[in-house]
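First up is the structure itself, then whatever we jot down about it.
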Amino acid sequence: MNLEKINRFFDFIQKNNLAFQRNTLLAEFTTFRLGGNCPCLVFCKSPDQLTAVVRELTTLDLPYLLIGGGSNLLISDEGLSVIVIRYVSDNLDIVTEKNELIISAASNLDDFAKYTVNHGIGGFVNCSGIPGTVGGAVVGNAGAFGWQTGDAVNSVTVIDKHGNLNELLPDDIGFKYRHSELKIRHDIVVSVRLKIETGDPEALQIERDRILELRSSKHPDLKIFSCAGSFFKNIEPTSAADRRQASGWFLEQAGVKTMRFGGAGIFSKHANIIIQSESNCTAQDVYELSKQMASAVKAEFNIDLKREVLLVGRFENRIER
Ligand SMILES: Cc1cc2nc3c(=O)[nH]c(=O)nc-3n(C[C@H](O)[C@H](O)[C@H](O)COP(=O)(O)OP(=O)(O)OC[C@H]3O[C@@H](n4cnc5c(N)ncnc54)[C@H](O)[C@@H]3O)c2cc1C
C-alpha cells in the first residue's frame, strides 16, 4: 500500500480521535482466535464514525476490509495487507418507530434479541445466542430454527464502494440461504430498519431460555472452544418438495468426527464444527482439515459441501476475500 496515503489516513484518524492499533494481530478479533496481522485496525462504534472512515478510505483509494464480531471468519496466518475496520459497539443503538425499529449494524445480535424479549417485541427470539453483530447477520442472512435475518428487514442503509449512502430494499439485497448480494458488492451496512410485532415478554423469555439451553447443549462454549460455528452450509434441496439437509449428518456418517489436522479438530457434539483442539493450531490447519472433511463427504455421498465460514487472506496460494 502507498505509504504517503497511509500516513494521510493516520492523520485523519488521529484528528478525528478514532481508536486504532497499528500492526495488530487479527486473531484477537475473531472467534476462531486465528489470523495474522494487519497494518492498521480502526475501531468504529457509531454510524457517523463508520461513514467518515469509509469515505476517507474511498477518497484515498485505500483498500480495506470491514469485520463485525469475527464469528464467521477464518483469517490466514500471514494476515492481511489492507486496513481493517472493526464495526462493533457495546451499546445497542436503537430508535423505535411505529411498526419498525432502526438499529446500528454495530450492535450485538444476541444483546438485540435480549432487548426485544425484555420490551415485548416479537420476531427476533430465534436469533438468541447467535454470535456477532447485526451487520454481520444481515450480510450473511444469519438464522436459526427456520428464521433468517432477511425475513425481518424492511431496508438497509449502506455505504457503497464510491462512499455514497444508499437505502436498499430487500429486493435489492437478494437474501438467500446464508447469503445476500451485499457480500458480492462489498457494500458496508451502517444501519438496518427492521419490522417489529408485539409479543408477550413472559412467553418470549421462556422461548429465549429454551433456545439458549438447546444451543449450549449442541454448540461449543466460545469461552472454552475457539471456532466459527458451522463450517459448511446445509445442503440445498434438489426439488421443491425436499427440505434442506444438515451437513453435520453427512459429515458424521462420513466419519469425520475423529479427523485431525495439526492443531485443528472437530467438536465432539457437532461434526460440522471445527475447533482449535490444540494451542498450536493455525488457520492453515483448519483449512486443511476442512478440505479433508469435504473430500470424505464427496467420496461417501458424491455431495460437494459449500463453506459457510468465509476465508480471508492467502490459503494455499489463493487469495480469498
Ligand atoms: C458458536 C457459534 C455459533 C453460531 N451459530 C450460528 C447460527 O446459529 N446461525 C448462523 O447463521 N450463524 C451462526 N454462527 C456464525 C456467525 O455468528 C454469523 O455468521 C454472524 O452473523 C456473523 O456476524 P459477525 O458480526 O461476527 O460477522 P464477521 O464474522 O465479522 O463477518 C462476516 C462477513 O460479514 C461482513 N460484515 C460484517 N459486518 C458487516 C457490515 N456492517 N457491513 C458489511 N459487511 C459486514 C464481513 O466483511 C465478512 O465478510 C455461529 C458462530 C459461532 C462461533
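Each ligand, and each atom within it, is numbered from 1 in the order the structure gives. For the single chain, residues carry numbers from 1 onward in sequence order.
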Ligand 1 atoms in contact with Ala137 (distance to a heavy atom under 4.0 Å): 21 (O)
Per-atom contacts, ligand 1 versus Gly69 - under 4.0 Å to a heavy atom: 24 (P), 25 (O), 26 (O), 30 (O)
Side chains of Arg193 and Val95 in contact at under 4.5 Å (non-hydrogen atoms): no
Part of Ala228 within contact of ligand 1 (heavy atoms, under 4.0 Å): backbone
Closest candidate by heavy atom, reference atom 31 (O) of ligand 1, pool Val88, Leu66, Leu73: Leu73
Check ion pair Glu213-Arg210 (N to O, under 4.0 angstrom): no
Approximate separation, where rounding is to 0.5 Å, of Glu308 CD and Asn72 CG: 5.5 Å
Phe112/Phe124 under ring-ring contact (aromatic ring centres under 6.0 Å, His included): CA gap, chis, key distance, verdict: CA-CA 8 Å; Phe112 171 59; Phe124 299 96; 4.9 Å; yes
Sub-4.0 Å atoms of ligand 1 with respect to non-hydrogen atoms of Gly143: 7 (C), 8 (O), 9 (N), 10 (C), 11 (O)
Per-atom contacts, ligand 1 versus Ile188 - under 4.0 Å to a heavy atom: 42 (N), 43 (C)
Lys/Arg-Asp/Glu bridge criterion (N-O < 4.0 Å) met for Asp304, Lys298: yes
Whether Phe301 and Trp249 hold their rings parallel, tilted or perpendicular, with breakpoints at 30° and 60°: tilted
Close N or O approach (Ala142, ligand 1; < 3.5 Å): no
Side-chain heavy-atom pair Leu34, Gln276 within 4.5 angstrom cut-off: yes
Within-4.5 Å side-chain heavy-atom neighbours: Val192 and Thr157: no
Proximal atoms of ligand 1 relative to Ile67 (non-hydrogen, under 4.0 Å): 30 (O)
Between Phe267 and Phe231, ring centroids under 6.0 Å: no
Heavy-atom proximity to atom 15 (C) of ligand 1, best of Ser71, Ala105, Gly229: Ser71
N/O separation below 3.5 Å, Val189 to ligand 1: yes
Aromatic plane relationship, Tyr287 with Phe315 - under 30° parallel, 30 to 60° tilted, over 60° perpendicular: tilted
Gap between atom CG of Leu311 and atom CD1 of Ile75 - 0.5 Å precision: 10.0 Å
Heavy-atom gap Asp187 to ligand 1 smaller than 4.0 Å: yes
Enumerated ligand 1 atoms positioned under 4.0 Å from heavy atoms of Val139: 34 (O), 43 (C), 44 (N), 45 (C)
Contact check, Arg178 vs ligand 1, heavy-atom distance below 4.0 Å: yes
Any Ile13 side-chain heavy atom under 4.5 Å of Asn16 side chain: no
Ligand-side contact atoms (ligand 1) for residue partner Thr133, heavy atom cut-off under 4.0 Å: 23 (O), 24 (P), 25 (O)
Asn72, any N or O under 3.5 Å of ligand 1 N or O: yes
Sub-4.0 Å heavy-atom approach of Gly140 to ligand 1: no
N or O contact, Gly135 vs ligand 1, cut-off under 3.5 Å: no
Which of the ligand 1 atoms, numbered from 1, are nearer than 4.0 Å to a heavy atom of Gly132: 23 (O), 24 (P), 25 (O), 26 (O)
The one among Arg215, Glu308, His270 that brings a heavy atom closest to atom 5 (N) of ligand 1: Arg215
